[in-house]
Amino acid sequence: MAPDPPETEEMPACCRDVVTEYSKEILKFGELLFELLSEALGLRPNHLNEIGCAEGVNLLYNYYPACPQPEITLGTTQHADFGFISLLVQDRVGGLQVLHRDHWVDVVPDSEGIVVNIANLLQVMSNDRFTSVQHRAVVKSVGPRVSATAFFGVGYTTNPRVYGPIEELLSKENPPKYKETTIQDFVTQSYKQGLNGVSFLDVLKLAND
Ligand SMILES: O=C(O)CCC(=O)C(=O)O
Ligand SMILES: [Fe+2]
């Protein structure tokens, strides 16, 4: 949806207005979050926005039908998202789980809440100060279930910038743990690895770590 939104007629008429408005609002919210995340890293509030973190957003909608055998079925397999951050809303059915200390924990649906997930490229940029979250979606015998995610940084492949551990965060005691990459390379390679394969984070890891 940003920086190159689809033509109006490319979107189904029933949802184009709401999707367009949602993407505008979620971009604004993303900018605010990147200010807070910059401050959390000890950087100037504008740092992450100035390097384009809120310039590109991709919206993805998941539809999970009710499943007759949920105990042997997964909706979305374990993964961490690829870009900077992902903002997720889910309906009342629920199904999102995050991996916490080797246990899968339900993220209880909250109609007024937005789940903020740290994604892999922000882990690289923060030199592991932030850790991307492993998550998955289970299916249920009730449904269908719908979730909607705004991925910041994914799909924004025309951005020529190179991203790596942010210089201001590095020191002799905290040397870079990852090589630099473009979003294009990072996302293309991450898709190639697949959701359950070797994370592209491991490919970017510097040998001296
Ligand atoms: O459906 C969900 O709750 C999770 C979806 C997800 O992880 C994703 O789209 O990346
Ligand atoms: Fe995800």
Side-chain angles (χ1 to χ4, degrees), residues 1-2 6 11-12 15 18-19 22-23 25-27 29-30 33-34 37 53-54 56-100 102-126 130-157 163 183-184 186-204:
M1 290 302 294
M11 292 185 271
C15 64
V18 71
V19 166
Y22 185 67
S23 68
E25 295 302 323
I26 209 81
L27 269 170
F29 184 47
L33 286 173
F34 284 117
L37 290 166
C53 289
V57 74
N58 218 16
L59 298 183
L60 178 86
Y61 302 92
N62 294 301
Y63 178 91
Y64 306 89
C67 177
Q69 288 186 289
E71 61 290 348
I72 56 163
T73 312
L74 258 186
T76 301
T77 190
Q78 173 180 348
H79 66 285
D81 296 335
F82 303 151
F84 302 122
I85 57 171
S86 310
L87 305 183
L88 182 141
V89 288
Q90 58 175 340
D91 65 17
R92 257 184 271 165
V93 176
L96 176 65
Q97 296 184 326
V98 294
L99 192 60
H100 179 65
D102 291 333
H103 292 289
W104 286 107
V105 179
D106 288 326
V107 178
V108 179
D110 178 344
S111 62
E112 293 180 12
I114 295 182
V115 178
V116 180
N117 281 337
I118 300 288
N120 281 344
L121 197 45
L122 192 57
Q123 176 167 341
V124 167
M125 292 156 68
S126 73
F130 294 149
T131 312
S132 61
V133 63
Q134 292 289 325
H135 57 284
R136 68 180 188 181
V138 295
V139 286
K140 305 208 170 172
S141 52
V142 291
R145 165 181 184 255
V146 174
S147 68
T149 312
F151 296 95
F152 283 79
V154 179
Y156 184 21
T157 47
Y163 291 93
I183 293 191
Q184 170 124 40
F186 194 81
V187 172
T188 316
Q189 296 302 326
S190 296
Y191 275 124
K192 262 197 210 153
Q193 308 285 9
L195 288 189
N196 243 349
V198 179
S199 161
F200 192 54
L201 280 184
D202 292 334
V203 179
L204 279 187

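For the single chain, residues carry numbers from 1 onward in sequence order. We count ligands from 1, going down the list as the structure has it; atoms in each ligand are counted the same way.
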task: Given side-chain contact (heavy atoms from CB on, under 4.5 Å), test I183 with F84 step by step and report yes or no.
output: CA-CA 10 Å; I183 293 191; F84 302 122; 3.8 Å; yes

message: Donor-acceptor pair, distance only, cut-off 3.5 Å: does the side chain of D106 make one with the backbone of V108?
response: no

query: Heavy atoms under 4.0 Å from ligand 1: which residues qualify?
result: L60, N62, Y64, H79, D81, L88, L96, H135, A137, R145, S147, T149, F151

- prompt: Who passes ring pair (Phe, Tyr, Trp, His ring centres under 6.0 Å) against F151, sequence neighbours left out?
  reply: none

message: Determine whether I26 and I114 satisfy the following criterion, side-chain contact (heavy atoms from CB on, under 4.5 Å), listing intermediate values before the conclusion.
response: CA-CA 10 Å; I26 209 81; I114 295 182; 4.2 Å; yes

statement: side chain to side chain donor-acceptor pair (under 3.5 Å) with H79: of Q134, H135, R136, only one passes, and it is H135

- prompt: What pairs with V142 under side-chain contact (heavy atoms from CB on, under 4.5 Å), at least two apart in sequence or on another chain?
  reply: V93, K140

field: Working for ring pair (Phe, Tyr, Trp, His ring centres under 6.0 Å), residues F186 and F200
entry: CA-CA 7 Å; F186 194 81; F200 192 54; 5.4 Å; yes

query: Is a donor on one side and an acceptor on the other found under 3.5 Å between the side chain of Q78 and the backbone of L99?
result: no

task: Output, by chain and residue number, all protein N/O/S atoms separated from the Fe ion (ligand 2) by less than 2.8 Å.
output: H79 NE2, D81 OD1, H135 NE2

- prompt: Counting N and O atoms only, with roles assigned by atom type, does the side chain of D91 sit under 3.5 Å from a partner on the main chain of V146, one being a donor and the other an acceptor?
  reply: yes

